[in-house]
Amino acid sequence: QVIKIDGSSTVYPITEAVAEDFQKAKKNAIKVTVGISGTGGGFKKFCRDETDISNASRPITSKEMADCKAAGVDYVEMPIAYDALTVVINPKNTFLKQATVEELKKLWEPAAQGVVMKWNQVNPAWPDAPVKLFGAGADSGTFEYFTEAIVGKAKSSRGDYTASEDDNVLVQGVSRDVNAIGYFGYAYYAENMSRLKGLPIVNPKTGKAVEPSGANVENGTYVPLSRPIFIYVKAKSLQKPEVKEFIEFYMKNADKLIREVKYVPLPKVAYEGNLKHAKDGKIGTVFGGHNEVGITVEEILKREAKM
Amino acid sequence: MNQSQHVSSQFDEDLGRLRTHVLQMGGLVETQISAAIDAYTTGEVASVKTIVETDRKVNELEKAIDDDCAHIIAQRQPAASDLRLVLGISKIVTDLERAGDEAKKIAKGVRRIYEAGHLPSQYGVGIRHLAEATLTMVRQALDAFARLDGTQAVSVIRADADVDVEFKSIIRQLITHMMEDPRTITTSIEIISISRAIERIGDHAKNISEQVIFVAEGRDIRHNKEAIK
Amino acid sequence: MNQSQHVSSQFDEDLGRLRTHVLQMGGLVETQISAAIDAYTTGEVASVKTIVETDRKVNELEKAIDDDCAHIIAQRQPAASDLRLVLGISKIVTDLERAGDEAKKIAKGVRRIYEAGHLPSQYGVGIRHLAEATLTMVRQALDAFARLDGTQAVSVIRADADVDVEFKSIIRQLITHMMEDPRTITTSIEIISISRAIERIGDHAKNISEQVIFVAEGRDIRHNKEAIK
Amino acid sequence: MQTHDSPQLKAEARDFNFFYGQAQALKKINMPIYDKKVTALIGPSGCGKSTYLRSFNRMHDLYPGNRYEGEIRFYPDNTNLLSPEVDPIEVRMRVGMVFQKPNPFPKTIYENVAYGLRVRGENNKRVLDEKVENALRGAAIWEEVKDRLQDLAPNLSGGQQQRLCIARALATDPELLLFDEPTSALDPIATGAIEELVHELKKRVTILIVTHNMQQAARVSDYTAYMYLGEMVEFGKTDEIFIKPKDKRTEDYITGRMG
Amino acid sequence: MQTHDSPQLKAEARDFNFFYGQAQALKKINMPIYDKKVTALIGPSGCGKSTYLRSFNRMHDLYPGNRYEGEIRFYPDNTNLLSPEVDPIEVRMRVGMVFQKPNPFPKTIYENVAYGLRVRGENNKRVLDEKVENALRGAAIWEEVKDRLQDLAPNLSGGQQQRLCIARALATDPELLLFDEPTSALDPIATGAIEELVHELKKRVTILIVTHNMQQAARVSDYTAYMYLGEMVEFGKTDEIFIKPKDKRTEDYITGRMG
Amino acid sequence: MNHTMSAKSASDLHQVSDRLAHNALRNVNERLIELVLFAAAAVSVLTTVGIVYVLVSESIHFFQNVSIVDFLTDNQWTPLFDDAHYGIMVLISGTLVSSGVALAVAIPMGTIIAIYLSEFANPKVREVAKPVLELLGGIPTIVFGYFALLIVTPLLQKIFPELPGFSLLSAGLVMGIMIVPYIASLSEDAMRAVPMSMREGSYAMGATKLYTAIHVVVPAAVSGLAASYILGISRAVGETMILAVAAGMQPNLTWNPMEPAATITSYIVQVALGDLPHGSIGYQTIFAAGLTLLLITLVFNIIGQWLRRRYREAY
Amino acid sequence: MQPMTTEQIRALIARGKLKDTLFQAIGILCLGIGLLVIFLLVGDMLMRGMERLNIEFFTEFASRRASQSGILSAWVGTLLVMLVTAAAAVPLGVAAGIYLEEYAKRNWVTDIIEINITNLAAVPSIVYGLLALGIFVYTFGFGQSILSAGLTLALLILPIVIVATREAIRSIPAMIREGSMAVGATRWQTCRYHIIPYAMPGILTGVIIGLARAIGETAPIITIGALTFIAFLPPAPFAPTGMDGATAGMFDWVMSPFTVMPIQIFNWTSRPDPAFEVNAAAAGFVLMGMVLSMNAVAIWLRYRMRKNIKW
Ligand SMILES: Nc1ncnc2c1ncn2[C@@H]1O[C@H](COP(=O)(O)OP(=O)(O)OP(=O)(O)O)[C@@H](O)[C@H]1O
Ligand SMILES: Nc1ncnc2c1ncn2[C@@H]1O[C@H](COP(=O)(O)OP(=O)(O)OP(=O)(O)O)[C@@H](O)[C@H]1O
Ligand SMILES: [Mg+2]
Ligand SMILES: [Mg+2]
Ligand SMILES: O=P([O-])([O-])[O-]
């Protein structure tokens, strides 16, 4: 009785916490393993019918859907939390109080490569100081989401920035350079608030600058940089009692554990919905095989319900 | 001489055999000489044939020993006392062989005298004495060689001087005799030859002894009267 | 003999010097002999002193050459023809030295005869002839050695037989003479000694030649009459 | 000096050529090896002595590109050692070899000697013990090592090592023993001991020995072959070769003259 | 055979002791080295010949734990080679050495010989050319290598390598040349050439040579020292030592008898 | 084996046939063992074949979409971006610069340490220092990565204030230190294998230690040094994590070590562990890049092999 | 050129010695830097990880709470993977080395194999991961198991073992080989009795370097699917499994899922919570300890073997 889970590193801390508590609760009678091979790697294994659950920091793509279909793998999509991408700056930075999507776009769009090298090129009010950019690696879900949300097109970004898969590296980079700006998952910001400053982003709809915080994500004002994260559960595995039990445990404890690992939980209904889908065997995705930006909690719940 | 063993027991054996052969040869020459003297004093000329035959053996031994010496040098590169031994032996055998030749000459002379019906007994005492003195020299020289005893060798060399003196007195005696009785001339001449042969044997014994000293002590005392004082 | 060079030119030099010394010694002995003969025929006894002095040189050379031979063996481990050369030389010098001794004896005998006032001219022809034959033998033997010429050495050995015959006839002649005129006995005995010395020189030349054959051809033909046929 | 009874043939090279790749190292060698005799090979460096010696136990088969021509007949069974049908391993079992530098294996003295037997599949302790002892006795080293058979062989002195290697070769009862300059790495005393041993051994086995040291050849061998530029120039009784060689080239070499 | 004019001292060991750590390898050696003469050191393996020889150019300083006692006086300036005040490098510049196995550097022939000069700071091409040529001539190898000075030295034959090493030592005009068994790795012909060379060299330099080969000592040296168990047993003119040694132990060694 | 084969008796014939049978058995055994050993040797070849197969088969798909000319000449590397460029030179430059920096540290430092340990240090120091130094090779490279990022970079920034937080320089330096034990240890082995007689020859000429080391020991050990350098180069070129952590992962066609840049390996590891769907063109780039790396190392190795053969066993 | 005066020579020597001293200083400096880095790294890990270095750290599984997190599954996994790696790489590498040195003929095929092997040493480890994923995990169906991981790392270090083996074999004098063949041994007997035992110390060096490299590898193991969270151990041989009273087979553990130390460290260092960095440091220190003790064992073995081998 081994439940095999693999996939996103973003989702990993949540699933790990669940797995740990679940095993303890079951006195180790049921074994759970969790791997990190990235969302893509996770889906690859998932669609080869090797894992029971796949962690994903983005919705499944059409290509992956096709793969799963070919292997006869059906799955239940379960959004489990929100990850807020946080734009961070050095705490010693005095001139940046907030930023608009446009400003960020100016800074990050491909056209800026090799051109926008000074802060005052973005906004004349800002000083004539070099810009030091830090961001997620081009292969990550974070990158894809950030580009789509800011530049407007997925994977469309300037290339001359320091990229890392390891967000701690970015934390280090930003915390040591006054002129730095970077982005990564909220959890890293939450754990390193002493060394970093979260940059409030102007909500394009309200025009108000919103700080990155759990509450602001939950209340839906921190847009467009909030994104949902998922687990995908294999339908066949849901037949197995231990997987079923695990999912039930997951949804029941999600709220507490997600907060513990510094992510933003979804409202209770979302978890109940997930359980219902599992019971009803609602398979498939509510996304069209591609990512969507700025999608809110309500919106997802709405779509899920529609399924 | 060194008492310790060579690393190569084969070498020890070779040297041992060489020395044995020399002593064997010396023994033969000794018999030749004493047989010749006996023949002279007793007139038993039958032994002359044996002496001549022995001489052939002596000759063969000389060649064999020389051959052995060459082989030992080629094979063993003897040095120091070993080298002196081999070189000394190579000289000693020449002298031994020649001493043997002289014995043969004596024997033949004796036979001629007796066959001519002349009894040489009248000169017997002097010559016997001379002969015995040289025979002793030869014996002692061989003994000195066997024991590589330089001291004894020196005494042999000293003895040679006495023999020479005795020889000269015999010659003088014979000359007187011949002049007194010219009929004895032929016999006397033979006897002179015999005496000279005996004297020469003494010389050979002396030469052998000189070599023994060289072998034993590394001193070459030939032609050096001081050295044996 | 080998014409090619040794790897060690030092060895070549050593051997060369050795041979030169032998030839030098041979030359001295040759002078001794011919001087002795001259003294005999001319009666110039003054040269006797020179002969005796030369003998001392010869003795020294003998010892030096023997010493050299020992050193060459110890240092160079000669083999094959080189070894035969060294061993041969070590024998040859003994014979040369003894030939020198005989020459000295001749010289001394001559002096005694002349000092006693006896003129030996009457036996001159035979002895001169004998002496010249042996002198030729010595010369040829040395020549054969110088060129390591086995063939010439053989002819020297053959010549020895003639010398022996001649010697015997001289002895017979002298005996007749003595019997005819007993006053000449003393002189005749001296002359017999001289002849015998000459004959012995011939023997030494023969011995040398035998060694030359050994050196040149590796055959030991001593005591082997067949070998020189 | 040594007496020569009429000897029997143990082996015989017949029109034997050897090639290292294209280079011909041995040219038409014809040579007898007499039974229970010591035959020495002498000649200047590079003349092919080792090459010839190593042909007798097919050592050249270990390296690619080597080629034999002609025959080496082995008696009494009259097989051709070089024939491709003859298994080189079988040849090596009948022909032992001792090398220039003592080459004991870094194992115990006992295991060194037992090795040849083990290779033949012998594992009976009693048989091994006995044969090891006999071999060590045969190599005149038993007394020196009998109390330390479990010591490592490389801790022995050079001379002892070389005798051990001889024991190793003897343990398997070879009919012919090859020695390739067995004493060139040893001091005079150890050399003397090995030469003694060779002298003892020839009562039992036939020996073929390569040496640079002419005096050694003169000392230990009954027959000597002089080789020059891959050819066998002269073969004959040792006594004669060292006092009176027939060939000028042999003479030159023996007397230390330049070629 | 050789003539002995009254020789001058070039060096002299006085109550010289040497220790490898605790082990005393040389005991109270007293020995003269005569100028422009060849002195040979003979003795059984392990008696300390090499140890003694290598003291003359302070080779032992290269390894830790070695200790000298006593003096080695060097003339005409009468310095003590072993004194701690004397720099070993300076000693080595005055005392050349040739080793048992030829050890040419993996460089060209030219660079091998020029090495010692370069060490001395000489870089003038003309001077180097000249000295290299002279040294190669002195070592009797110039004719053989003059057209291939830029070839790698390790490609030479063993005998040539050894002569090259001699040339290398000669190039810097040493006052004393040490040879440690210089021919034991060579065949008889190469050995002959080296011995010749030693004979030539003594016209110019003083030579101290270790050899296992007694005949070699007899051949090349004017004086011979016999060493045994770390002591100098006998020292004397070579002529005398080889025909008539004084000490029984020397005699035993020279005649090949057991200790 | 019985050696008294005198009479041609029946038992002798029996022995002969036994012997032949024994020979035959032995030969079969030997061939079998050779086959097994060959199979083992073949594993390494099969591994290469496997690697080449994996790399080529995916690269083929890649090159169906991207022209080789672009691949080699484009000066941008943004395969995962919307506006994709596939100029491998960008990664090659990062790889070469970082390796260059690493080797500029490791080769002199490793060689100097090797010379010091083999020629100068006393044996006790050597016996202790060497295994400890070898520990450097066992430290997980991720640890080195953080070492570069957190300790070396700030240090360097004190010297070069304009140095960015991520740079090839600091990653390369640390990589160099990581490679030092490979070079030092193997070179030291090679130098110690130089016979003492060679050294004595030099000292006997009056040379100093350094002169001896440089003019005699090093030339004599050159084949071993070359081997260690080749291994060092291979290690530098193939090193991944240090660069991934400390070099900035910024695809940047630069020859300036003071800039951040991505290397082939860091790119591969990043993508391989990332979110990309397998089979996408972005994913295939890692195979094309891997193939390029393989070719680069092949060239290095062939040169190295040639050098080694040229100088093999000069003494 | 005038012969140099004593003063000139002394000046020359003084200059030479000065250079010696300078170089020695540089040498000590370089060595010092190397050693300093080690002490720095290890010391730093020790200092930072000190608080976590207690028994529980070794006996607890990983947890989301840094202070309760342990490395049990990681160190067991590392040990087992290394076991498989050594068990696969040593025989394979030695056999290949023997084939190349003792059997293969010198021709272009051998040359290619040779270049191929050195080239393999330079292939980035992640590429091995990609290869192994295709071959071991899928084609051979070993899944994401200790076996797959062990074999992958075995392939990775195979070139090192082969090269070390060959060097070791080459240093065995030809005379030993000839000595063995001369008494009638076959090639294989020669290898079995001599070549392999005498090459063993050298082979061990290769194994040390190889395993030290393998033990720190992260990327290829992740590629083939090492896990990060795993709160149970592989079944011990013949341990009872679950309810039906059956026991595990002797080698069941090789097919078990696993994690290894570097992955644990990697995971902890990339966590948002800085508390995990302490764990990472402690685990890093433990890993160093493992490498060190592995090296120590091998060095000791090598020393013992070398003592008995000389020629
Ligand atoms: N493996 C080989 N490949 C090619 N040629 C070789 C080989 N071994 C030897 N030779 C050549 O064959 C010839 C004979 O060599 P061999 O070793 O038999 O000489 P040797 O008489 O034993 O010399 P040495 O006395 O120096 O041992 C030499 O010219 C040598 O260069
Ligand atoms: N490095 C060393 N450490 C300790 N002892 C040594 C050392 N070198 C030599 N010895 C010992 O010192 C003694 C003399 O050795 P040395 O090498 O001088 O002898 P040798 O006469 O040259 O012998 P060989 O003829 O074998 O070369 C020997 O007992 C030897 O074991
Ligand atoms: Mg040979
Ligand atoms: Mg010595
Ligand atoms: O590992 P990620 O897919 O969350 O980037």
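Chain letters run A, B, ... following the sequence lines, proteins first and then strands; every chain starts at 1. No hydrogens, no waters, no symmetry mates; every other heavy atom, side chains included, goes into these values.
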Practice task
Output yes when Arg166(G) and Glu101(G) qualify as a salt bridge under the 4.0 Å nitrogen-oxygen rule, no when they do not.
Solution key: yes

Practice task
Under 4.5 Å, counting heavy-atom pairs only, tell me which of Val180(F), Val36(F), Val43(F) racks up the most with chain G.
Solution key: Val43(F)

Fill in the blank from the handout: Most heavy-atom pairs under 4.5 Å with chain G, out of Ala121(F), Gly238(F), Gly110(F), Ser44(F), belong to Ser44(F)

For [X], is it the side chain, the backbone, both or neither that has a heavy atom under 4.5 Å from a heavy atom of chain F?
X	value
Leu92(G)	both
Leu211(G)	neither
Ile112(G)	neither
Leu292(G)	both
Met45(G)	side chain
Leu31(G)	both

Exercise for the section: Specify whether Phe120(F) and Tyr116(F) have parallel, tilted or perpendicular ring planes, treating 30° as the upper limit for parallel and 60° as the lower limit for perpendicular. Expected result: parallel

Practice task
Look at the aromatic rings of Phe147(F) and Phe144(F) and report parallel, tilted or perpendicular, splitting at 30° and 60°.
Solution key: perpendicular

Handout entry: Leu155(G) CG to Ile51(F) CD1 distance, which is reported to the nearest 0.5 Å
Key = 7.5 Å

Exercise for the section: Heavy atoms only, distances under 4.5 angstrom: which of Arg213(G), Met261(G), Lys19(G) has the most pairs with chain F? Name it, please. Expected result: Arg213(G)

Practice task
Check the pair Val123(G), Thr297(F) against side chain to side chain contact (heavy atoms under 4.5 Å, CB included), reporting the backbone distance first and the verdict last.
Solution key: CA-CA 8 Å; Val123(G) 172; Thr297(F) 54; 5.6 Å; no

Problem - Contacts of Arg187(G) that satisfy salt bridge (charged side-chain N to carboxylate O under 4.0 Å, His left out) - sequence neighbours left out - result: none

